[in-house]
Amino acid sequence: MHIAARTGNTEAIILLHKFRSELTARAHKTGWQPLHEAAYTGNYEATKLLLEMGVPAHPRCQLGKTPAELARTRNHTYVNIYRNLKLTL
């Protein structure tokens, strides 16, 4: 799921979820969830899909960073996704 989110492979995200892959599984070293991966790499469609699938919008990794904070460090437009989906930052 993490690789699919990181690379923006929305078809793989849907397929993995269909076969019960955890949408909020955390990476052991970083504590990142797939949403962190999608936001950090700027994969708008993967980020949007994960949020529409109901993942928590503000999970924190082991360093205490949310997906929105990670996206901002790379100048990605994660904030616009939140606005489009009417979520609060």
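Please read all numbers here as calculations on a predicted model, not as lab measurements.
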Closest heavy-atom pair, Ala5 versus Ala46, reported as atoms and distance to 0.1 Å, is O-CB, 3.8 Å
Please report the shortest heavy-atom distance between Arg60 and His36, naming the atom on each side. C-NE2, 4.0 Å
Quick one: does His58's side chain have a donor or acceptor within less than 3.5 Å of a partner on Pro67's backbone? no
State whether the side chain of Gln33 and the backbone N or O of His2 hold a donor-acceptor pair below 3.5 Å, judged by distance alone. no
What's the separation between atom CD1 in Ile13 and atom NZ in Lys18, rounded to the nearest 0.5 Å? 16.0 Å
Looking only at side-chain N and O atoms, does Asn43 offer a donor or acceptor that is under 3.5 Å from a partner on Thr41? yes
Check for me, please, whether Leu15 and Met53 land in the same ILVMFWY cluster - side-chain distances under 4.5 Å, paths through other members count. no
How many angstroms lie between CD in Glu52 and CD in Glu45, if you round to the nearest 0.5 Å? 8.5 Å
If you round to the nearest 0.5 Å, how far is CD of Glu69 from CG of Leu63? 10.5 Å
To check you understand the geometry: which heavy-atom pair defines the closest contact between Pro56 and Thr24, and what is its length? CD-CG2, 3.6 Å
Calculate, to the nearest 0.5 Å, the distance between atoms CD and OG1 belonging to Glu37 and Thr47 respectively. 10.5 Å
Neighbour count >12 (heavy atoms, 6.0 Å) for atom CD1, Ile3: no
Residue pair Pro34 / Met1: nearest heavy atoms and the distance that separates them: CG-CG, 3.4 Å
Whether Arg6 engages the ring of Tyr40 as a cation-pi pair (distance to the six-membered ring centre under 6.0 angstrom, angle to the ring normal within 45°) should be assessed. no
With His17 as partner, the option from Leu49, Leu23, Leu50 fulfilling side-chain contact (heavy atoms from CB on, under 4.5 Å) is Leu23
Kindly give the heavy-atom pair with the smallest separation between Ala57 and Leu35, and that separation in Å. O-CD2, 4.1 Å
